Number of protein chains: 2
Amino acid sequence: MSVESPSGLVETRAQLFHGFSDRSRLSIVEALREGERRVSDVVAVTGLTQPNVSMHLACLWECGLVAREKRGREVYYRLIEGVPELLSAADVILVVAGETVGACPRYRVGRRAA
Amino acid sequence: MSVESPSGLVETRAQLFHGFSDRSRLSIVEALREGERRVSDVVAVTGLTQPNVSMHLACLWECGLVAREKRGREVYYRLIEGVPELLSAADVILVVAGETVGACPRYRVGRRAA
DNA sequence: CATCAGTATTCGCTTATGCTTATACAGCAT
DNA sequence: ATGCTGTATAAGCATAAGCGAATACTGATG
């Protein structure tokens with residue numbers, strides 16, 4: 001069952017969006033937006049813990065949303081094609097609905113009790 | 001703090017994607033893709049329960065991702081502008097990464113133990 | 001081989017949130 | 001008013017999944 005299947009498509013799309021639905025993963029993605037980065041670079045930029053970044057990157061990689069290349073003992077990650085465009089499409093919506101989305105009361109997306 | 005703010009942007013984007021990260025909500029969105037629909041229409045098309053659909057639509061509406069119009073005792077919902085484009089951008093990615101995304105082992109996005 | 005830097009993995013906990021069932025509310029007809 | 005249709009809300013439960021801490025790999029260097 002490929003992407004062609006209507007019902008499977010919805011399922012797969014949901015999973016894709018889920019990959020980007022977490023604040024931490026999205027900040028990692030943002031860090032990769034300018035080009036490939038080592039894990040430790042991402043850690044430095046995002047302020048997340050190393051295991052956390054590693055987990056999220058593994059998650060994104062397993063889902064095929066980032067590419068990975070090992071050089072020596074370092075591992076470089078980069079976004080696959082299409083991702084920047086998806087982010088742009090999201091930002092277009094946010095121009096209009098940003099305030100509302102940001103204030104959405106039904107979920108907090110990882111914003112742990114703060 | 002508007003969409004302009006870098007950190008706030010990531011947060012808001014995460015929430016936006018979260019809105020589309022659920023299988024049920026996404027099937028509802030898909031149902032709305034062809035135009036405005038009543039709640040009961042969406043129920044019929046998706047096979048979800050009426051309270052469930054109502055909840056998800058309320059969620060999407062509060063987040064500003066769908067527009068709502070009441071006519072008599074019926075309520076019509078439709079997608080706001082930019083959403084179809086976001087879905088298309090997602091599909092572009094899925095053409096390449098669809099198989100991988102669909103098989104992503106780290107989460108199941110609402111696919112309850114089946 | 002010993003050590004260190006960079007990365008990945010596991011465990012356990014906590015929280016978010018989707019679902020079901022029951023029920024309440026709103027508007028129209030008789 | 002009564003009843004019916006369409007929609008929304010609430011309570012309670014079950015589960016997904018993010019996080020911190022500890023630890024295991026892996027490859028480079030001396």
Side-chain angles (χ1 to χ4, degrees), chain A residues 10-11 14-15 17-29 31-32 36-63 66 68-77 104-114, chain B residues 10-11 14-15 17-29 31-32 36-63 66-78 104-114:
Chain A
V10 169
E11 169 79 27
Q15 292 189 237
F17 284 123
H18 185 83
F20 295 107
S21 72
D22 176 73
R23 178 180 174 71
S24 298
R25 271 196 301 275
L26 210 48
S27 62
I28 290 172
V29 167
L32 295 179
E36 65 176 14
R37 294 280 185 263
R38 295 179 309 161
V39 174
S40 53
D41 292 331
V42 176
V43 169
V45 171
T46 61
L48 299 170
T49 66
Q50 179 272 316
N52 199 356
V53 169
S54 224
M55 277 267 293
H56 282 305
L57 281 172
C59 179
L60 290 168
W61 178 77
E62 283 171 348
C63 292
V66 300
R68 170 200 257 177
E69 192 178 332
K70 189 167 188 175
R71 296 181 204 154
R73 60 188 158 185
E74 306 178 335
V75 182
Y76 287 80
Y77 287 87
C104 191
R106 304 235 171 184
Y107 47 67
R108 268 160 292 171
V109 182
R111 184 167 250 178
R112 310 262 162 193
Chain B
V10 168
E11 169 80 27
Q15 291 188 239
F17 285 124
H18 186 82
F20 295 106
S21 70
D22 177 72
R23 179 180 174 71
S24 297
R25 270 196 301 273
L26 210 47
S27 63
I28 290 173
V29 167
L32 296 179
E36 63 177 15
R37 295 281 183 262
R38 294 178 310 160
V39 173
S40 53
D41 292 331
V42 175
V43 169
V45 171
T46 61
L48 299 170
T49 66
Q50 179 272 318
N52 200 356
V53 169
S54 225
M55 277 265 295
H56 282 306
L57 280 172
C59 180
L60 290 168
W61 178 76
E62 284 171 349
C63 291
V66 301
R68 168 200 258 178
E69 192 177 333
K70 190 166 187 176
R71 295 183 206 155
R73 60 187 159 190
E74 306 178 334
V75 182
Y76 288 80
Y77 287 87
R78 61 185 152 74
C104 190
R106 305 236 171 183
Y107 47 65
R108 268 159 292 171
V109 185
R111 186 168 247 175
R112 312 260 161 194

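None of the values given here were measured: they were computed from a predicted structure. A, B, ... follow the sequence lines: proteins, then strands. Residue 1 opens every chain.
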Separation of atom [atom1] in [X] from atom [atom2] in [N], rounded to whole Å:
X     : N      : atom1 : atom2 : value
B:L60 : C:dG18 : CG    : P     : 10 Å
B:E69 : D:dA8  : CD    : P     : 14 Å
B:R23 : D:dT15 : CZ    : P     : 18 Å
B:H56 : D:dT7  : NE2   : P     : 17 Å
B:L48 : C:dT20 : CG    : P     : 8 Å

Applying disulfide (SG to SG under 2.5 Å), can you list everything that pairs with A:C63, at least two apart in sequence or on another chain?
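A:C63 satisfies disulfide (SG to SG under 2.5 Å) with B:C104 once adjacent residues are dropped.
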When you measure from the side-chain N and O atoms of B:H18 to the phosphate of C:dT17, is any distance below 4.0 Å, counting only OP1 and OP2?
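Answer yes for this pair, as a side-chain N or O of B:H18 is under 4.0 Å from OP1 or OP2.
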Phosphate oxygens OP1/OP2 of C:dC19: is one of them under 4.0 Å from a side-chain N or O of B:S24?
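Answer yes for this pair, as a side-chain N or O of B:S24 is under 4.0 Å from OP1 or OP2.
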Its contact letters, B for base, S for sugar-phosphate only and - for none at protein heavy atoms under 4.0 Å, make nucleotides 6-13 of chain C read SBBBB---
Test side chain to side chain donor-acceptor pair (under 3.5 Å) applied to B:R38 - qualifying residues, sequence neighbours left out
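Per chain and number, B:R38 pairs via side chain to side chain donor-acceptor pair (under 3.5 Å) with B:S40, B:D41, B:E74.
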CZ on A:R68 to OH on A:Y76, rounded to 0.5 Å:
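Here the interatomic distance stands at 15.0 Å.
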Roughly how far, to the nearest 0.5 Å, is the CG atom of B:L26 from the OG1 atom of B:T46?
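Answer rounded to 0.5 Å: 12.0 Å.
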Residues two or more places apart in sequence or in another chain: which of them pass ring-ring contact (aromatic ring centres under 6.0 Å, His included) with A:Y77?
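A:Y77: no ring-ring contact (aromatic ring centres under 6.0 Å, His included) contacts found.
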If the test is side chain to side chain contact (heavy atoms under 4.5 Å, CB included), which one of B:I28, B:V29, B:L60 qualifies with B:V66?
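Filter result, single survivor: B:L60.
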Select base, sugar-phosphate, or nothing to describe what A:R71 touches, counting heavy atoms under 4.0 Å on all strands.
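Contact class for A:R71: none.
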Kindly indicate whether the side chain of A:V75, heavy atoms from C-beta on, has any atom under 4.5 Å from the side chain of A:K70.
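Yes, close enough: below the 4.5 Å cut-off.
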Only pairs under 3.5 Å count here: list side-chain donor-acceptor contacts from residues 47-58 of chain A, not counting sequence neighbours, and write none if there are none.
unit_1 : atom_1 : unit_2 : atom_2 : d
A:T49  : OG1    : A:N52  : N      : 3.3
A:N52  : OD1    : A:H56  : NE2    : 3.1
A:H56  : ND1    : A:R25  : NH1    : 3.4

Using every non-hydrogen atom in the two residues, find where A:A31 and A:V45 come nearest and quote the distance to one decimal.
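Reported closest heavy-atom pair: CB-CG1, 4.2 Å.
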Roughly how bent is the helix from C:dC1-D:dG30 to C:dT30-D:dA1 end to end, in steps of 10 degrees, with each end axis from five pairs?
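End axes: 20° apart.
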